[in-house]
2 protein chains.
Amino acid sequence: MTDPTEQTVNRVVAAPRTEGPRRGSTPEDNRLHNRALILRSLFHAGAVSRADLARSTGLTRTSISALVNDLASEGLISELGLRDDSRVGKPANLVGLRSDAYSIIAVDLSADDRFTGAVLDLSGAIVAREEIDGGTSTGEDAVEIALELCGRLAAAAPRRILGFGVSAPGIITPDGVVLEGVYRDWTDLPLAARISERFGAPAHVGNDANAAALGVRTYDRDAANSLLVVHLEHGVGLGVVIDGVLVRGERFSAGEIGHVTVDELGDRCGCGRRGCLETVIGTQHLTSRLAGEAPHDVGRRDEILEDAGRALGQVLAPVVSTLNLNDVIVTGPADLLTGPFEYSVLRTLRARTFPSIHEGLRVRIADTSRPLILLGAAALVLSAELGIT
Amino acid sequence: MTDPTEQTVNRVVAAPRTEGPRRGSTPEDNRLHNRALILRSLFHAGAVSRADLARSTGLTRTSISALVNDLASEGLISELGLRDDSRVGKPANLVGLRSDAYSIIAVDLSADDRFTGAVLDLSGAIVAREEIDGGTSTGEDAVEIALELCGRLAAAAPRRILGFGVSAPGIITPDGVVLEGVYRDWTDLPLAARISERFGAPAHVGNDANAAALGVRTYDRDAANSLLVVHLEHGVGLGVVIDGVLVRGERFSAGEIGHVTVDELGDRCGCGRRGCLETVIGTQHLTSRLAGEAPHDVGRRDEILEDAGRALGQVLAPVVSTLNLNDVIVTGPADLLTGPFEYSVLRTLRARTFPSIHEGLRVRIADTSRPLILLGAAALVLSAELGIT
DNA sequence: TAACTTTGTAAGCTTTACTGACAAATCAGC
DNA sequence: GCTGATTTGTCAGTAAAGCTTACAAAGTTA
């Protein structure tokens, strides 16, 4: 059964070490780093004093003051008055991030039939929403529709625009080139550059599930430093953040887990093989299976959902063990995911991993009132433009 | 080692940053960063000129010169004479890392019965080896034996000691506390601190498989930026490096994959459950199964090894898909792993992952002539003390 | 031989954060 | 109520790091 020829093919594909532009850092870079540190602190901690910032960063009060005053004169942060509790010493003057300093344009291209978008302030609050019919458009048509949506949102933005953030299905490079976007038939499309050129503002494009993971990490106060988001929509997408950093993958395909085999004898998948994860937990398959087998039988319904949860748990068990993640978030139709599915995922993960791995583990279904994919798109902007993660 | 007291001055770059609250960075941090950048370049690229470094880092020739001259006066790098090819302009003066600037003490505590160690130079070349009978010692006894080994190695070191690096099985914090070391019955053992105190030099301790991953990334010129090492010895350990950074996990248990279930109906495992990965590809199980079922039957032997490879492939498929890794290295007894096992792992990974994931993927069996775990221990030191990764 | 290119260094400048000192505002104790 | 302790934030001056500009040295090319 050993086939050396197969192997030799493989040895040829030696992944050249992408000797990244390991840039040296200048005093200015240093300042930018510290600036981002302050913005990050204010974003997550809310109102704090200069002295608090000095303590938490290890920088001196003097340096913090200079940075804070710079940021204040740019309008990014503002004084919030005296701290009103009673303690020894001169009362602290609180500062906080001005959530209305900029508008962020976030766009979600992950749905089948429509493109949705929103204008957000820096806190992640949605200021305006827009939606446009994407139909089954592909190629340049789809690009133009997306650009049209961006334009409407830009017009609705009440403040200067910090940047455009776009979540899309597919394989996307860090500089926003869609290498493969199957649903819209996009290949090597420089989407970020297109948006940036047309609207004269920075644009960032990321895979939908990857962006969602970043979004959870950024906007969910309760999120861990490392986490995993499973995005169930047409397919199964996955996003991973490790120690606060989004994983993109050697060829930008991180999270492309929909076609991992879970059952060699399972249903035929669109990709030509059998028993892909997508064929078991993809929402289309799931809903049609529920409709077919258990239109009114609650017990059968639960069984099907538990089977699906078990499949996901089986796939995630090695991942959770490898990365020792504690935080798994599933996003998708809540009516399907809440309950039996959710419990089955956690139960399977518990049963199939070592205690030291699953002791701190939690599995949650994302609150659908928060549009995770959109927030992820916004998080791309926040991260790239202000260093807020 | 000549004089242990002088080792306290040995923090060449910076104290290992215990990532507490995010620290601000000072001009000095900046310089340390750039210093490490130069060392990293020289480590991987060999001999280059100051101008080359300026181009690759983006810093000016002036700044590079200052840094290079500092490093040279510390003895870390040295001038290597003029570049002897013929090109326009003044010939470049090459500089290179002095591999004999320091000795690194590396210790491998992962074997069942013995502790092995080596003295390495900065290039990873082994200068001396020591081995000590660890027997079935546990607790403080085992610690003392390990310290004894460290002492012998320190005595054999021809240069000042950059640091001690230790690879051990178990769950270990970044600051070198062994939280759980089952084989030696260690709990909350501050091993790094113990070594550091006794010998007056920095010490770093890491999980064996994790360290091996870092070792491959550091010393294997051919390794990718992100890679995965599977370590088959008593159990199954796994180490992951993503974008050059070692993944440690939320509770420092990253890579504890030995007890992921691969077959719910499989053999009973020591952990009390059935069908753990360890029971299928653990070398003990594998050798005893081969001895029992296929003492002379080559076909049956291949079958067993292929089954084992398939099991590993099934477990790795979700991991490889999630992280989009291209480089999987398996280390362990080469006679078992080379051939059917290896091909089966790759074949299974190909069959069970999406093409965009497995297109660049390669699976390799580690060259056993290079003691990966030891090199990993050395890489811990190189990374923490000099910023070389 | 002259022009051009590249390398490495020197002097002076700019930026950044640090140190030390100090005023302002509050609490704690007598 | 007053004094001392504590904390906050700012100012002036200092140290360090990298940058700009200029230049000599050493080679290739026309």
Side-chain angles (χ1 to χ4, degrees), chain A residues 22-38 41-42 47-74 77-96 387, chain B residues 13-14 22-39 41-42 45 47-74 77-96 387:
Chain A
R22 296 240 183 237
R23 296 288 314 267
S25 61
T26 67
E28 196 191 337
D29 295 328
N30 201 336
R31 190 172 184 85
L32 290 176
H33 170 90
N34 289 337
R35 211 180 116 103
L37 201 59
I38 290 180
S41 296
L42 293 181
V48 294
S49 72
R50 290 168 174 80
D52 293 333
L53 287 168
R55 273 185 294 268
S56 72
T57 59
L59 300 175
T60 61
R61 291 201 305 275
T62 323
S63 306
I64 292 292
S65 268
L67 286 162
V68 161
N69 294 342
D70 271 16
L71 289 167
S73 70
E74 283 176 45
I77 67 183
S78 59
E79 309 264 348
L80 299 174
L82 297 180
R83 181 183 274 146
D84 63 351
D85 59 354
S86 177
R87 48 169 97 168
V88 185
K90 178 178 172 180
N93 217 329
L94 299 176
V95 294
Chain B
V13 161
R22 297 237 181 239
R23 303 259 319 169
S25 63
T26 67
E28 197 190 337
D29 295 328
N30 202 338
R31 189 171 184 84
L32 292 175
H33 170 90
N34 288 337
R35 220 179 112 100
L37 200 59
I38 289 180
L39 291 175
S41 296
L42 293 180
V48 295
S49 71
R50 291 168 175 80
D52 293 333
L53 287 169
R55 273 184 294 268
S56 72
T57 60
L59 299 176
T60 61
R61 291 202 305 275
T62 325
S63 305
I64 292 291
S65 268
L67 285 161
V68 162
N69 294 341
D70 271 16
L71 289 167
S73 70
E74 284 175 44
I77 68 183
S78 58
E79 308 265 345
L80 299 174
L82 297 180
R83 180 183 275 144
D84 63 351
D85 60 354
S86 177
R87 48 168 99 167
V88 184
K90 179 180 173 179
N93 216 331
L94 299 176
V95 294

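Letters A, B, ... mirror the listed sequences (proteins, then strands); counts begin at 1.
Applying the side chain to side chain donor-acceptor pair (under 3.5 Å) criterion to B/T60, with sequence neighbours excluded, gives B/S63. Partners of A/D84 by side chain to side chain donor-acceptor pair (under 3.5 Å), not counting sequence neighbours: none found. Residues that satisfy the side chain to side chain donor-acceptor pair (under 3.5 Å) test with B/D52, not counting sequence neighbours, are B/S49, B/R55, B/R83.
Under a 3.5 Å cut-off, the side chain of B/D29 and the backbone N or O of B/T26 do form a donor-acceptor pair. The backbone N or O of B/L80 sits nowhere less than 3.5 Å from a side-chain atom of B/N93 that would complete a donor-acceptor pair.
In this structure, A/R23 places its CZ atom 13 Å from C1' of D/dG18, rounding to the nearest Å. Atoms CG (A/D29) and C1' (D/dC19) sit 13 Å apart, rounded to a whole Å. A straight line from CD1 of B/I64 to C1' of D/dC19 spans 13 Å, rounded to a whole angstrom. Taking atom CZ of B/R61 as the reference point, atom P of D/dA17 lies 21 Å away to the nearest angstrom. The separation between B/N69 atom CG and D/dA16 atom P is 18 Å, rounded to whole Å.
In this structure, the side chains of B/L82 and B/L94 stay at 4.5 Å or more apart for every pair of heavy atoms. Contact annotation: the side chain of A/R23 never approaches that of B/T57 to less than 4.5 Å [non-hydrogen atoms, C-beta and beyond].
Shown here is A/E28, whose CD atom has no more than 12 heavy atoms of other residues, nucleotides or ligands within 6.0 Å. Within a 6.0 Å radius of CD in A/E79, more than 12 heavy atoms belonging to other residues, nucleotides or ligands are found.
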Practice item. Given side-chain contact (heavy atoms from CB on, under 4.5 Å), test A/V48 with A/L42 step by step and report yes or no. Key: CA-CA 7 Å; A/V48 294; A/L42 293 181; 3.3 Å; yes
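Side-chain nitrogen and oxygen atoms of A/R55 include at least one within less than 4.0 Å of the OP1 or OP2 phosphate oxygen of D/dT8. Close to D/dT10, at under 4.0 Å from its OP1 or OP2, lies a side-chain N or O of A/S65.
Here the range on DNA chain C touched by chain B, meaning any atom under 4.0 Å from one of its heavy atoms, is C/dT5 to C/dC18.
For the pair A/N93 and A/T26, nearest-nucleotide mapping onto DNA chain D gives the more 5' position to A/N93. Sequence order on DNA chain D of the closest nucleotides to A/L94 and A/S25 puts A/L94 first from the 5' end.
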Enumerate the protein-to-nucleotides 13-15 of chain D contacts in which both atoms are nitrogen or oxygen and the separation is below 3.5 Å.
none

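Non-hydrogen atoms lying under 4.0 Å from DNA chain C are contributed by A/S86, A/R87, A/V88, A/G89, all within residues 79-89 of chain A.
Closest to the A/K90 side chain, of the nucleotides D/dA17, D/dT7, D/dC19, is D/dT7.
Atom NE2 in B/H33 sits 10.5 Å away from atom NE2 in A/H33 (nearest 0.5 Å).
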